[in-house]
Amino acid sequence: MKNLIAIVGTNSDNSTNRMLLHFIQKHFADRANIEVCEIKDLPGFNKPKDRTAPVQVQKLSDKITQADGVIISTPEYNHSVPAVLKSTLEWFSYTTQPLIDKPVMITGASYGRLGSSRSQAHLRQILDAPELKARIMPSSEFLLGLSLQAFDENGDLKDQRKIDELDAIFEDYLQFVDITNQLVNSNKAHKQRAQKFSWEDN
Amino acid sequence: MKIVGIVGSNADFSYNRLLLNFIAKKFKKLIDVEVLDIKDVPMFNQSNDQTDSDLIQHLNKKILAADGVIIATPEYNHSIPSALQSVLEWLSFRIHPLDGKPVMIVGASYDVQGSSRSQLHLRQVLDAPGVNAVVMPGNEFLLGEVHKAFDEERNLKDSETTQFLESCIKKFIRFINVVNVMDSPDGMKDLSSTEDLYATGSIDTTIEGINMSDDDWVEQAATKTNAVEGNTYVKLDRGILTVDQINQFLKSMPAELTYADSNNQFLYYNYKYEAEDMLAARRPEQVGNPLAECHPEKAFSGVAWVIQQLRSGKQDIVRTHVPTHGPDKFVVHSYQAVRDEDGNYLGINEYVRDIKPTIDWYLEQTGQQLTGGGVDAVSGATSKVDTVSGATVKDK
Ligand SMILES: Cc1cc2nc3c(=O)[nH]c(=O)nc-3n(C[C@@H](O)[C@@H](O)[C@H](O)COP(=O)(O)O)c2cc1C
Ligand SMILES: Cc1cc2nc3c(=O)[nH]c(=O)nc-3n(C[C@H](O)[C@H](O)[C@H](O)COP(=O)(O)O)c2cc1C
C-alpha cells in the first residue's frame with residue numbers, strides 16, 4: 001500500500017479541511033496509509049541566512065520525502081491560499097525542497113458554495129514554481145462547498161454524490177502516483193536540475 | 001496627499017523596501033509617503049485573534065487616515081509572500097481598513113518577470129469581499145532583476161524606469177481623485193479632488209521632460225523649446241511687437257497678471273515687483289509649478305471650486321475681495337477664464353488689483369459719494385444718501 005502525507009492547510013482550531021482529510025484517511029484506509037499532518041505550529045517564514053529549516057519544518061519535510069505522494073487540503077482566504085500554508089511552502093522552497101517531483105492531489109473546503117476554487121487555482125500556480133516543482137494531478141479538482149453543513153456527527157461526508165466523486169478522483173490519483181514516480185525515476189537529471197534552481201543565484 | 005506604502009516583504013534586507021523608499025524620496029513633491037513595515041506582524045490565525053494588537057492597530061489607523069495605499073510586493077513561488085498574505089488576512093477578518101481605499105501595486109523581484117504573477121494574485125486578493133480595496137487598473141510597475149536595479153545611493157539606475165514610475169504615480173494621484181469624487185457624499189464636501197491640482201496630466205502645450213517644481217523651470221523650458229526673447233519680433237492678433245516690448249507692455253498693466261493653463265500649471269506672471277511688494281505674492285522660481293504647490297493645502301478645495309466654475313463654463317469670471325490689506329486698499333482677485341474661439345477652456349487669467357484708487361477717482365470726477373448699510377466699504381466714504389443709485393457700493 002502507498003504511504004501518503006495529508007497536509008491540513010490551516011492553523012484554525014476548527015477546520016472543515018481537517019475534517020475532510022480525516023474523512024479521506026478513514027474512507028480510504030484499505031487503499032493507502034494516510035498520515036494527516038498539521039502546519040499550525042510551524043514558525044512563519046522569514047528568509048533564514050543559512051537556508052536551514054527549523055526542526056518542525058525539517059520533520060514534515062522528511063515525512064514528505066519518504067512518502068509516495070501528498071494531499072493538500074486548502075481553505076480559501078481572500079480568494080487565495082491562507083498565509084500559513086503559503087509560509088509552509090516558502091520554507092520548503094527555500095530550504096528542504098521535498099515537493100520536487102512529488103505527486104500532489106489538491107482538495108479544498110470552503111463555507112461558501114464555490115468550495116475554494118480560487119484558492120485551489122492559486123495553489124496550483126504556487127506548486128508549479130521552480131523551487132517547488134511538485135507534480136500536480138491534472139484535471140481534477142475536489143471542491144467541497146458549504147463545508148460547515150457537509151459532515152455528519154461521525155465526521156463522514158453526508159452527500160453520497162460527493163463521496164462517489166472523491167472515490168473516482170482518489171483512484172485516479174493512485175494511478176497518477178505510480179505513473180509520476182516511474183517517470184521521475186527514469187529521469188534523475190530532472191531532479192538535480194530543479195534542486196539546483198535558486199532565484200537568488202540567477 | 002497622504003500615502004501609506006506597505007513593504008510586502010519581511011526580509012531584513014528588502015528590495016521592495018528600497019523601492020518604496022525611493023518613491024517616497026523621489027516624488028515627495030507629488031505625494032507624502034510613509035513607508036510601513038510588516039516584519040513583526042504575527043501569522044494570521046482565526047483561532048487566536050490579535051486584531052487588537054498594537055502592530056495591527058497601527059497599520060489599521062495609518063491606512064484609514066491615508067488617501068491611498070501603495071503595496072510593494074515581492075514574488076515568492078509565483079505568488080505574494082505569506083507575510084503579506086497574513087497582514088491582508090488580519091486586515092479583512094474583523095477590521096476592513098482597505099475597504100474602498102485606492103491602492104496601487106508595485107513589485108520587485110529577481111526574475112525578469114519582476115513579480116508579474118504575484119501582482120496578479122495580489123489584485124485578486126485585494127478584490128476579495130473582505131478586503132474590497134479599489135485597485136488602480138493597468139499600470140503594472142514591475143521591477144525585474146532587482147538585484148541589478150539600484151545604484152549605491154539607492155536610486156533606480158535606469159532613467160526610463162524612473163520616468164515610467166513617475167507616470168504611474170501621477171496616474172495614481174488622478175485615480176485617487178476619481179475614487180474620492182465617486183465616494184464623496186453630496187452636500188458639503190471637500191472639492192479639492194475635483195481638479196488635478198498637481199498637474200499630473202498634460203495638454204498640447206505642456207513642455208514635457210522638465211520637473212515642474214524646479215526653480216529654474218523657466219530657463220530649462222526656454223532651452224528645450226528654443227523660446228525667443230529680447231528684440232525678436234512676434235506677430236500677434238493684432239500687431240507686431242518685440243518680446244521686450246511685450247514684456248514692458250504687460251508689466252505696465254495696472255494689475256498683477258498670472259496665467260495658469262488648463263492643466264493647472266502656473267506658466268507666467270508679469271514680474272515687476274518682488275514678492276513682498278506685491279498684492280498677491282509671487283516668486284520667480286514658482287513659475288512652472290503645479291497650482292497645488294502655489295497654495296496651502298487648506299485652500300485646495302476653494303481653488304478647485306474656482307477652476308471648476310471656469311472650466312465647466314458655469315461662470316466666466318470669479319471675483320473675490322481679499323480684505324487683509326487694511327482699510328486703504330480694496331484688493332480684488334479676479335479669475336477670468338481664458339477660452340479659445342470655440343469656447344474651450346484654456347486656463348485662467350488671474351488679475352489682482354487694488355480698485356480703491358479707481359473708485360476714488362470716479363467719485364472725485366463725478367462729485368458723488370458712497371452710501372451703504374451703515375458700514376463703509378471704502379474707508380473715508382461718508383454715509384450721505386446718494387440719489388444716483390449707480391454709484392452705490394454695497395458693503396460686503
Ligand atoms: C480572512 C478570511 C478570509 C476569507 N476569505 C474567504 C474567501 O475569499 N472565500 C471563501 O469561500 N471563504 C473565505 N473565508 C471563509 C473561510 O474560512 C472558509 O471558506 C474556509 O475555506 C473554511 O476552511 P476551514 O474550515 O478548513 O477553516 C475567509 C475566512 C477568513 C478568516
Ligand atoms: C521562498 C522564496 C520564493 C521565491 N520565489 C520567487 C518567484 O517565484 N519569482 C521571483 O521572481 N523571485 C522569487 N524569489 C526571489 C525574490 O524575488 C527575491 O528574494 C526578492 O529579493 C524578494 O523581494 P525583497 O527583496 O523585497 O524581499 C523567491 C524568494 C524566496 C525567499
Side-chain angles (χ1 to χ4, degrees), chain A residues 9-18 39-49 75-94 97 99 110-112 114 117-119 121-134 197-202, chain B residues 9-15 38-49 74-93 96 98 109-118 120-133 144-148:
Chain A
T10 178
N11 50 6
S12 162
D13 290 343
N14 303 307
S15 159
T16 53
N17 282 284
R18 187 177 294 120
I39 56 172
K40 61 182 171 153
D41 298 321
L42 302 186
F45 176 76
N46 196 329
K47 233 167 42 175
K49 285 213 175 56
E76 179 166 302
Y77 282 3
N78 297 325
H79 294 175
S80 189
V81 178
V84 63
L85 178 54
K86 267 192 182 163
S87 165
T88 306
L89 297 172
E90 287 162 4
W91 280 121
F92 289 161
S93 72
Y94 202 68
Q97 306 198 327
L99 284 169
S110 79
Y111 298 169
L114 299 181
S117 57
R118 290 167 289 213
S119 73
H122 277 199
L123 184 55
R124 276 175 189 273
Q125 291 171 337
I126 292 169
L127 289 170
D128 205 32
E131 291 178 305
L132 287 168
K133 272 276 171 273
F197 183 89
S198 157
W199 289 106
E200 295 174 2
D201 311 332
N202 258 2
Chain B
S9 169
N10 62 359
D12 290 334
F13 172 84
S14 158
Y15 287 109
I38 60 167
K39 275 170 69 124
D40 302 316
V41 176
M43 176 65 72
F44 175 78
N45 186 333
Q46 78 179 87
S47 310
N48 179 13
D49 184 5
E75 180 165 299
Y76 277 11
N77 297 322
H78 292 179
S79 189
I80 64 172
S82 56
L84 177 57
Q85 186 92 23
S86 171
V87 167
L88 294 171
E89 286 165 3
W90 285 122
L91 300 181
S92 60
F93 183 46
H96 307 272
L98 286 163
S109 254
Y110 267 63
D111 198 14
V112 275
Q113 300 242 7
S115 74
S116 61
R117 287 174 281 221
S118 72
L120 276 177
H121 278 199
L122 182 54
R123 271 177 199 279
Q124 291 168 331
V125 169
L126 292 170
D127 197 39
V131 185
N132 205 29
E145 299 193 278
V146 74
H147 44 305
K148 302 174 192 157

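Reckoned from all heavy atoms, side chains included, excluding hydrogens, waters and symmetry mates.
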(request) Please answer whether the main-chain N or O of A/F45 pairs with a side-chain N or O of B/N10 as donor and acceptor at a distance below 3.5 Å. (result) yes
(message) Which one wins on heavy-atom pair count under 4.5 Å against chain B: A/S80, A/P43, A/G44?
(response) A/S80
(request) Answer with side chain, backbone, both or neither: which region of B/P42 has an atom nearer than 4.5 Å to a non-hydrogen atom of chain A? (result) neither
(request) Could you tell me which of A/V81, A/T88, A/D128 has the largest number of non-hydrogen atom pairs under 4.5 Å with chain B? (result) A/V81
(message) Under a 4.5 Å cutoff for heavy-atom pairs, which residue among B/M43, B/H121, B/R117, B/E145 has the most contacts with chain A?
(response) B/H121
(request) Heavy-atom pairs under 4.5 Å with chain A are the metric here; pick the option from B/S82, B/A128, B/A83 that has the most. (result) B/S82
(message) Quick check: A/F92 with A/Y94 (ring centres under 6.0 Å apart)?
(response) no
(message) Does any backbone or side-chain atom of A/P82 lie under 4.5 Å from a heavy atom of chain B? Answer side chain, backbone, both or neither.
(response) both
(request) Scan side-chain atoms only and decide if A/T10 and A/N17 contain a donor-acceptor pair under the 3.5 Å cut-off. (result) no
(request) Using a cut-off of under 4.5 Å on heavy-atom pairs, state which of A/K40, A/H122, A/K47, A/R118 scores highest against chain B. (result) A/H122
(request) Among the options B/L120, B/I80, B/N48, pick out the one with the most heavy-atom pairs lying under 4.5 Å from chain A. (result) B/I80
(request) Examine distances only and state if a side-chain atom of B/S86 and a backbone atom of B/F44 form a donor-acceptor pair shorter than 3.5 Å. (result) yes
(message) Would you say the rings of B/H147 and B/Y110 are close, in the sense that their centroids are separated by under 6.0 Å?
(response) yes
(request) Examine distances only and state if a side-chain atom of B/S118 and a backbone atom of B/S115 form a donor-acceptor pair shorter than 3.5 Å. (result) yes
(message) Is A/K49 close to chain B through its backbone or its side chain, or both, or neither, when contacts mean heavy atoms under 4.5 Å?
(response) side chain
(request) Any chance you could lay out the side chain to side chain donor-acceptor pair (under 3.5 Å) test for A/S93 and B/N77, step after step, and finish with the verdict? (result) CA-CA 8 Å; A/S93 72; B/N77 297 322; 3.1 Å; yes
